[in-house]
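Everything on this sheet refers to the single structure shown next.
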Amino acid sequence: MAASTKQDLLALAGMEYRKLRNILDTLPAQLRLAADDDGVSPKDIVGHRAHWIELFLGWYLEGQAGNPVDFPASGYKWNELKRYNADLRQRQSGLSWDDAVALLEVRHGELLEFLQSLSQEELYGAPMKGGKNAWTTGRWAEAAGPSHYRSAAKYLRQRLKTS
């Protein structure tokens, strides 16, 4: 169930991040860089989650400035996420496991600071400027943070079961 208040969103972000970090902190070293059948490694999943927080924060700032917002990014459409994510993995290929985890830690901190800086009304009072849909800033933040943390944890638990 989606959060509908600032307090619930902050609590959800903290809870889902802690669950993900517990898995990251105990993930066997031999699995961290091992690609699955789709060529995706746990390190790629961590880097992806960090990157999408950065994307969200950029979307918000561009919308607030009254600029057009490219979703999901310049040169890509939503139906091209597979290509975008493959390109992202290539751009992040030089990241080590520790670098990817550290980047996620930084981006999570930025997300929490961002959420703390906004009021309930700014998070849930209206659609996000530039968002091109009815989603509030809080809903976009949840998709970029807690929901992504949850899906990453699910993926990693599955990798642990099959390894």
What's the spacing between [X] [atom1] and [Y] [atom2] if we round to 0.5 Å?
X      : Y      : atom1 : atom2 : result
Gln116 : Leu111 : CD    : CG    : 10.5 Å
Gln92  : Leu103 : CD    : CG    : 7.0 Å
Arg32  : Ser96  : CZ    : OG    : 10.5 Å
Leu24  : Arg49  : CG    : CZ    : 10.5 Å
Arg157 : Ile23  : CZ    : CD1   : 4.5 Å

Considering all heavy atoms, the nearest [X]-[Y] contact:
X      : Y      : answer
Gly130 : Val69  : O-CB, 3.6 Å
Leu33  : Lys43  : CD2-CB, 3.7 Å
Ala141 : Leu115 : CB-CD2, 3.7 Å

**OP:** Just do the side chain to side chain contact (heavy atoms under 4.5 Å, CB included) check on Arg139 and Thr136 with the steps written out, would you?
**Re:** CA-CA 5 Å; Arg139 181 65 189 99; Thr136 63; 3.6 Å; yes
Heavy-atom check, side chain of [X] versus side chain of [Y], under 4.5 Å:
X      : Y      : result
Trp97  : Pro42  : yes
Leu12  : Glu142 : yes
Leu81  : Pro72  : yes
Thr137 : Phe114 : yes
Leu20  : Leu156 : yes

Should the pair [X] and [Y] be assigned to parallel (<30°), tilted (30 to 60°) or perpendicular (>60°) ring geometry?
X     : Y      : result
Tyr17 : His108 : parallel
Phe56 : Trp59  : perpendicular
Trp52 : His148 : perpendicular

**OP:** With side chain to side chain contact (heavy atoms under 4.5 Å, CB included) as the test, would you mind laying out the steps for Gln120 and Thr5 before giving the verdict?
**Re:** CA-CA 6 Å; Gln120 170 70 23; Thr5 68; 3.6 Å; yes
Original post:
Judged by atom type as modelled, is there a donor-acceptor pair below 3.5 Å linking the side chain of Gln158 to the main-chain atoms of Tyr155?
Top reply: no
**OP:** Report yes or no: does Arg159 contribute a side-chain atom to a donor-acceptor pair with the main-chain N or O of Ala34 at less than 3.5 Å?
**Re:** yes
Subject >> Centroid separation Trp140 to Phe71 less than 6.0 Å >> reply: yes
**OP:** Return yes when atom NZ of Lys132 has more than 12 non-hydrogen atoms of other residues, nucleotides or ligands closer than 6.0 Å, and no otherwise.
**Re:** yes
Is it true that [X] and [Y] fall in one hydrophobic cluster, defined by side-chain heavy atoms closer than 4.5 Å?
X      : Y      : result
Leu104 : Leu27  : yes
Leu31  : Leu95  : no
Leu160 : Tyr149 : yes

Original post:
Any salt bridge (charged side-chain N to carboxylate O under 4.0 Å, His left out) pairs touching residues 50-60, not counting sequence neighbours?
Top reply: Glu54-Arg107
Subject >> Among Asp87, Asn85, Asp70, side chain to side chain donor-acceptor pair (under 3.5 Å) partner for Tyr76 >> reply: Asp87
Subject >> With Tyr84, the side chain to side chain donor-acceptor pair (under 3.5 Å) member among Lys77, Arg89, His51 >> reply: His51
**OP:** List the steps and the verdict of salt bridge (charged side-chain N to carboxylate O under 4.0 Å, His left out) for Glu62 and Lys129.
**Re:** CA-CA 8 Å; Glu62 288 298 313; Lys129 288 183 182 177; over 6 Å; no
Original post:
Is there a side chain to side chain contact (heavy atoms under 4.5 Å, CB included) between Met128 and Tyr60 once you walk through the steps?
Top reply: CA-CA 7 Å; Met128 185 172 85; Tyr60 178 82; 4.0 Å; yes
